[in-house]
2 protein chains.
Amino acid sequence: MNSTIYDIAREAGVSIATVSRVFNDNSGVTPKTREKVLAVAEKMGYHPRALAQSLARKKSRVITVIVPVISNYFFMEVLAGMQDKIVDYDYDLQIFNVKMAHDSDLLNQANHIIKRGWGEGYLVISVHLSDSEWKALHKYKVPVVLIDEYYPGFDTVSVDSIEGAYTATSHLIRQGHRSVGMICANPTSKPSIDRVLGYRRAMEDAGYMVDPEMIAAGENMERDGFTESNGYEAMSRLLTLENPPEACFCASDIQALGAIKAMKDHGRQIPIIAFDDLEFSEYVGLSTMRQPMYEMGALAIEKIVKRIENPDTDVTHTVFSPDLITRASAPDYAGINEPDEARDEARISRNS
Amino acid sequence: MNSTIYDIAREAGVSIATVSRVFNDNSGVTPKTREKVLAVAEKMGYHPRALAQSLARKKSRVITVIVPVISNYFFMEVLAGMQDKIVDYDYDLQIFNVKMAHDSDLLNQANHIIKRGWGEGYLVISVHLSDSEWKALHKYKVPVVLIDEYYPGFDTVSVDSIEGAYTATSHLIRQGHRSVGMICANPTSKPSIDRVLGYRRAMEDAGYMVDPEMIAAGENMERDGFTESNGYEAMSRLLTLENPPEACFCASDIQALGAIKAMKDHGRQIPIIAFDDLEFSEYVGLSTMRQPMYEMGALAIEKIVKRIENPDTDVTHTVFSPDLITRASAPDYAGINEPDEARDEARISRNS
DNA sequence: CTGAAAGCGCTTACAG
DNA sequence: CTGAAAGCGCTTACAG
C-alpha cells in the first residue's frame with residue numbers, strides 16, 4: 001500500500017522510468033515488461049501518487065471551485081452541472097469554501113487559495129469583489145472563470161438579474177395588480193442589488209411610485225439572506241403593512257418557500273414570482289424566473305478547461321436571460337403564458 | 001507569481017531553508033531576516049506551493065470526501081456540517097464524486113481515488129458495499145470514516161433507518177389508519193432497504209398484513225430514486241390502487257414533495273410522514289423523521305481528524321436515532337406529540 | 001525498447 | 001540563528 005515506484009521497479013527488475021511509462025502508457029513498453037510491472041504493482045497495491053505526479057508534471061489536473069458556503073441550493077445545482085461535465089475531461093474537482101464573514105476579506109481568502117496553487121484553474125462562484133479587487137486578482141494571470149458575476153478581464157457566465165427582475169415585476173403589473181412588493185436579500189449581495197434594480201425599473205416604467213416599505217427582507221442575513229426564514233419574515237412584514245401589496249416579486253425560490261408559509265400563517269394569499277427555479281419549485285407550484293444553473297456549471301467547466309489548455313484566447317462572457325415559468329403561485333390569467341416546455345430554449349447568450 | 005523559494009532566497013540573500021522557516025514560523029528567525037524575506041515574498045507575490053509542501057512533508061492536510069453525486073439535499077446538509085467543522089482544524093476539503101452507474105464498480109472508483117493519495121483521510125458518504133468489498137477497502141489501512149453506513153472495521157456515523165421507519169409507521173398506525181402504504185426508493189439502496197424493513201416490522205407488530213402493492217416507487221431511479229418525480233409517481237400509483245392506503249410513510253423528504261403534489265393533483269389527501277427533515281421541510285409542513293445531517297457531517301470531520309492524528313485508537317460507531325417531527329402533513333391528533341424543541345436531544349449514540 | 005540522471009518546489013534533520 | 005544537503009515520489013528529455 002505504501003510502496004513507491006522504486007519498490008515496484010526493484011521487484012520487477014526494471015528501472016523506475018519503465019514503471020512510470022507503463023502507468024502513463026506512453027512510449028512502447030514491451031508487452032512482457034508491461035505485464036510484469038503491472039503484476040507486481042497489483043500485488044503490492046501500487047498506484048502512482050497524484051501528489052508526486054503533479055509536482056513532476058507541473059500540473060495537477062485539478063480544478064478548484066471557490067464558493068461561499070456549499071450548502072446553498074443555487075450552488076448545488078451549479079455544482080451538479082460541473083460534476084457531470086467534468087467527466088468529459090480528465091480533471092478533478094476540488095472545492096474550497098470562503099467565509100463571507102468579513103466582506104473585505106474575501107479577496108485575501110481567494111488569494112490564499114490561489115497562491116497555494118492546488119488547482120490549475122479556478123471557478124469562482126458568487127464571490128463579488130470591487131473593481132480594484134478584481135484587478136488585483138487578475139494580476140495573478142491564473143485561469144479563472146467567474147460564475148454569477150461579470151468582470152471584463154475574466155471569462156464569465158452569469159444571468160441577467162436586472163432583466164429577470166424586470167420581467168417578473170412587469171408580468172405581475174400587467175396582471176393588473178395595483179401594488180407589487182418585493183422580497184430582497186442582503187443589501188450588499190450583488191444578485192439582490194440587481195434584482196431590486198430590475199424591480200424598480202419595471203415599477204417606474206409602469207408609472208408606479210416605488211414605496212421603500214414595499215421592499216422587505218428578513219433580519220437574518222445568514223447566506224446573504226437567501227434562506228426560508230428570511231423570506232418568511234420578509235413576507236410577514238409586507239402583509240402587516242398598513243397597505244399590503246397585492247402581489248410580490250421575491251429574490252429567490254428559497255425565500256419564496258418561507259414567504260408562502262407566511263401567507264398561509266397570515267391567512268392571506270397574494271401572487272408571488274420568485275427567482276431561480278430550483279428543482280423542487282415545480283413541485284410546490286412556484287412561479288419563478290428560471291436560471292439555467294446546471295447549464296451554467298457545465299459551461300463554466302468547458303470554459304476553464306479551454307483556458308487552461310489555451311491561456312491566450314480571448315475572454316468570453318455568457319449572460320443567460322432568465323425565463324419566466326408560471327405555476328400556481330402566480331397563475332397566468334392574462335394568457336401571457338410561457339409553458340414549461342419552453343424552459344430550455346428562449347435563452348439568450350451573448351458573447352463579447 | 002510563479003516565483004519559487006529559490007527566487008525569494010536569492011533576492012533576500014538567505015538560504016531556502018531560511019525562507020522555508022519564515023513561512024512555517026518554526027525555529028527562531030531573526031526579526032530582521034524574517035522581515036526581509038517577507039518583504040521580497042510580498043513583492044514577488046510568493047507563497048509556498050501546497051503541492052510541494054505536501055510531498056516534502058508527506059502530508060497534504062486535505063481530507064477527501066467520496067460521495068455519489070453532490071447534488072442531493074442529504075449530502076448537502078452533511079457537507080454543510082463538514083465545512084463548518086473543518087475550520088476548527090487546519091485541513092481542506094476535497095470532494096470527489098463516484099458514479100453509481102455500475103454498482104460493482106463503486107469499489108474500484110473508491111480504490112482509485114484512495115490510491116492516488118490526495119487525501120490523508122477519506123470520508124465516504126452513502127457508498128454501500130458488500131462485506132468482501134469493505135474488507136478489500138479496509139486492507140489499505142488508510143483513515144476512513146463511513147457516513148450513512150455501518151461496518152465494524154471503520155469509524156462510522158449513521159442513523160438507524162429501521163428504527164426511524166418503525167417509529168413513523170407505528171405513529172401512523174396508532175393514529176387509527178387502517179391501511180398504511182409506503183413510498184420506497186431504489187430496491188438496491190441501503191437506506192431504502194432498511195426503511196422498508198422498519199415499515200414491515202411496524203406493520204407486522206401491529207398485526208397488519210403487508211400488501212406488496214402498498215409499497216411503491218417511481219420508475220426513475222436517478223439518484224437512487226430520491227427525487228421529487230419518483231415520489232410523485234409512487235404516490236400516483238398508491239392513490240390509483242383499488243384500495244388506496246389511508247396514510248403513507250415515505251422514504252425521503254424529497255420524494256414526499258412529489259407525493260404531496262400527486263395528492264393535490266389526484267384530489268386526495270392522506271397523512272404522510274417522510275424521512276430526513278431537510279431545511280425546507282419545515283416550510284412545506286412536512287412531518288418527518290429527522291436525521292441530524294449537519295451534526296453527522298461535523299462529527300465525521302472530528303472522527304477523521306482524530307484518526308489521522310492518532311491512527312491506532314479504537315474504532316467508534318455513532319448511530320443516531322431519528323426523531324419524529326410532526327407537522328401539517330401528518331398532524332398529531334392523538335397527542336403523541338414530540339415538539340420541535342426536542343429535535344436536538346433524544347439522540348442515542350452507542351459506541352463499540 | 002529501456003536506463004541514468006536531472007528536476008519539480010518544498011521540508012527537515014544535521015552541523016555549525 | 002542559519003546553511004548545505006538529502007529526500008519526498010514521481011516524470012521526462014537524453015542517450016544508448
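Every chain is numbered from 1 and lettered A, B, ... according to where its sequence line falls, protein lines coming before strand lines.
The NZ atom of B/K59 sits 17 Å away from the C1' atom of D/dG9 (whole-angstrom rounding). Distance A/K58 NZ to C/dG7 C1': 9 Å, rounded to the nearest Å. Atom pair B/R61:CZ and D/dC8:C1' shows a separation of 17 Å (rounding to whole Å applied). For the pair A/L55 CG and C/dT11 P, the interatomic distance rounds to 12 Å; values are reported in whole Å.
The listed nucleotides are D/dT11, C/dC10, D/dG9; the one nearest the side chain of A/A52 is D/dG9. Among the nucleotides C/dT11, C/dA13, D/dT11, the one closest to any side-chain atom of A/I5 is D/dT11.
Closest-nucleotide positions on DNA chain C for B/A17 and B/L51 were compared, and the one nearer the 5' end corresponds to B/L51.
As judged by a 4.0 angstrom heavy-atom cut-off over every strand, B/S54 is placed among residues making no nucleic acid contact. At a threshold of 4.0 angstrom between heavy atoms, the contacts of A/S20 include nucleobase atoms, whether or not backbone atoms are also involved.
A side-chain donor from one of B/K303 and B/T316 sits under 3.5 Å from a side-chain acceptor of the other. Side-chain N/O atoms of A/S126 and A/D148 include a donor and acceptor closer than 3.5 Å.
A close approach under 4.0 Å does not occur between any side-chain nitrogen or oxygen of B/T18 and OP1 or OP2 of D/dC1. Considering only side-chain N and O atoms, B/Y6 lies nowhere under 4.0 angstrom from the phosphate OP1 or OP2 of D/dG3.
A salt bridge links A/E149 to A/K190: at least one charged side-chain nitrogen sits closer than 4.0 Å to a carboxylate oxygen.
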Annotated structure of DNA chain C as dot-bracket, pair cut-off 3.5 Å, Watson-Crick or G-U only, | for inter-strand, is |||.||||||||.|||

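Annotation: side chain of B/T318 is not in contact with side chain of B/S158 (no heavy-atom distance under 4.5 Å).
For residues 85-94 of chain B, the side-chain hydrogen bond (donor to acceptor under 3.5 Å, both in side chains) pairs, not counting sequence neighbours, are A/R116-B/D92, B/K85-B/E302, B/Y91-B/E309.
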